[in-house]
Amino acid sequence: MGVRRQLVDCERRAALEGWEVVERFVDDDVSAYSGRVRPAYRRMLEEIRGGFVDAVVVWHADRLHRQPKELEEFIDVCAAAGVTRFASLYGDIDLGTADGLFMARILGAVARKESDDKSRRISRKHQELAQAGKLAGGGTRPFGFESDRLTIRESEAVVIRECAGRLLAGEAIRSICFDLSEREVATVSGGAWKTQTLRRMLLSGRISGQREYRGELVATAEWPGIIAPAATSRIRALLADPARRTNRSARRYLLVRLLRCGSCGETLVSRPRSGGDRRYICAAGPNFSGCGHTYVMADTLEQFVVEAVLYRLDSAELAAALNGSASDPDTERWQQEIDQSQGQLDELAGLFGRREIGLSEWQAARAPVEQRVTDARKRLARLTRTTALIGHLGNASDLRERWASLPLTRQHAIVAAVLDHVVVGRGRQGFNRFDPARFTPVWRA
Ligand SMILES: [Zn+2]
């Protein structure tokens, strides 16, 4: 549940009551459970103490207090300031009555117990399973194993041994991955290997018969290993080496600011998964106002968008659109400015050439004119957006060949010159493959 939604709900409730909203307090990155200081909450208490508040609307009472101590403090502050109106979207509590106070205390205690029990139960169970080396959860069959997740599938195990060996011999994951694709070695889902998938598999304790808990190897697993545990240790050390990582951290995101969530309209942000897979997501939570429901893996989407852009560069529509914008009055104005300034520069050069002015005079006179030309060129470029596209229009096959060698900023400029944004629809549950139907490009011009 996004904080923004909660705020909207609370404001609606305040409006229903006919209350004027004097202030909104949001501690969206600090849960009431955590016991950590919540600055906005403290500020709210001060406002109540100061007598600036007549009523408090909260989305759910458990958003406000999880610690009984906090609830008691809240009750005291409200009582002292004469605030008795306390609305929540899930049942109101009148803090002015003994019953109301009783209710608030009970709710607080129940909420707290629930949250404690739940998290303790879940993590204890997972930890116990892990320490016993047991399987946890379901999901897709791991590569190298049958669907019981315990029996080795030899046809895939040879691939794992080969990849681990090549990695430890110094080969780059990317290159191993490329080779697997060439040989049409399929992943569990039948698709081609991606570097991040291969990397994650090689890092996993599973392939050496070890059980992980929160990324740490905690026990010998109940299934056999395909490679030796020592090999996993070496692989982990190798891939954690910063010298190898530089390449990976330099890999950035081509489509920043160009993707919009189909559900809520927010701009997606780049956020890798903990395994390192590059992703774009509609971010909810601290400092973000997205819905938190839209995710898309970066690699395939980027390839798809680049193809679409290259196709678009060859299209007659785009050429026409750009020609059209080149004839508007502002464009002519900046073009004239460039022509005139260029004329002045020629004149000045002539004067200098004929020794009618000296070198320093020529340089001094030239500088402001040159600046005008630069400015006018920039404005012109912004108007027509052709700078990024010069030479590429109608010539996409050449660009396609050189694409991978272009720096990211250049790639981004070309994409952004053609594409306004892509609307990203929500993924289908359990559908892991790339689904082009989710993406609607909105072209510029
Ligand atoms: Zn969204």
Side-chain angles (χ1 to χ4, degrees), residues 1-15 21 24-34 38 40 57-60 62-64 88-90 115 139-140 189 194 196-197 200 251-309 312 408 411-412 415-444:
M1 172 63 63
V3 167
R4 197 168 63 164
R5 259 292 303 286
Q6 297 182 10
L7 269 178
V8 168
D9 286 347
C10 290
E11 281 176 6
R12 197 175 294 141
R13 178 57 197 273
V21 177
R24 294 160 190 80
F25 302 95
V26 180
D27 280 309
D28 46 6
D29 54 343
V30 192
S31 151
Y33 298 104
S34 68
R38 293 178 290 154
V57 182
V58 62
W59 192 74
H60 191 294
D62 69 11
R63 299 293 143 133
L64 208 47
S88 112
L89 277 294
Y90 291 87
S115 76
T140 38
S189 62
K194 295 193 192 105
Q196 285 312 321
T197 323
R200 209 167 42 229
R251 186 85 177 89
R252 299 210 311 279
Y253 289 78
L254 176 65
L255 301 176
V256 278
R257 299 185 299 278
L258 291 173
L259 302 177
R260 293 210 193 135
C261 174
S263 300
C264 72
E266 275 298 326
T267 302
L268 302 196
V269 298
S270 56
R271 185 162 316 155
R273 261 208 310 230
S274 49
D277 284 348
R278 297 185 318 115
R279 268 189 327 177
Y280 297 96
I281 73 166
C282 180
N287 307 320
F288 295 100
S289 46
C291 64
H293 294 301
T294 303
Y295 298 79
V296 57
M297 301 308 294
D299 288 349
T300 331
L301 175 62
E302 286 172 1
Q303 283 163 24
F304 171 73
V305 169
V306 166
E307 276 309 313
V309 163
R312 175 89 181 157
L408 185 79
Q411 294 178 343
H412 183 84
V415 171
V418 184
L419 183 74
D420 191 79
H421 63 278
V422 178
V423 178
V424 181
R426 251 199 239 184
R428 274 184 276 164
Q429 201 77 46
F431 188 83
N432 289 327
R433 290 204 208 158
F434 183 70
D435 177 8
R438 286 178 65 192
F439 308 102
T440 316
V442 177
W443 302 108
R444 299 186 63 152

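All ligand and atom numbering here is 1-based and tracks the order in the structure.
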Checklist entry - For the side chain of R260 and the backbone of G265, is there at least one donor-acceptor N/O pair under 3.5 Å apart? => result no
Checklist entry - Between atom CG of L259 and atom OG1 of T267, what is the distance when rounded to the nearest 0.5 Å? => result 8.5 Å
Next on the checklist: Using modelled atom types and a 3.5 Å cut-off, is there a donor and acceptor pairing between side-chain atoms of H412 and backbone atoms of L254?
Outcome noted: yes
Next on the checklist: With a 3.5 Å distance limit and no angle check, can you tell me whether R438 reaches the backbone of G425 through a side-chain donor-acceptor pair?
Outcome noted: yes
Item to check | R278 to Y253 six-membered ring, cation-pi geometry met (6.0 Å, 45°) | outcome: yes
Item to check | Nearby protein N/O/S atoms (those under 2.8 Å) for the Zn ion (ligand 1), with water ignored | outcome: C261 SG, C264 SG, C282 SG, C291 SG
Item to check | Test item: Y280 side-chain N/O and L255 main-chain N/O as donor-acceptor pair under 3.5 Å | outcome: yes
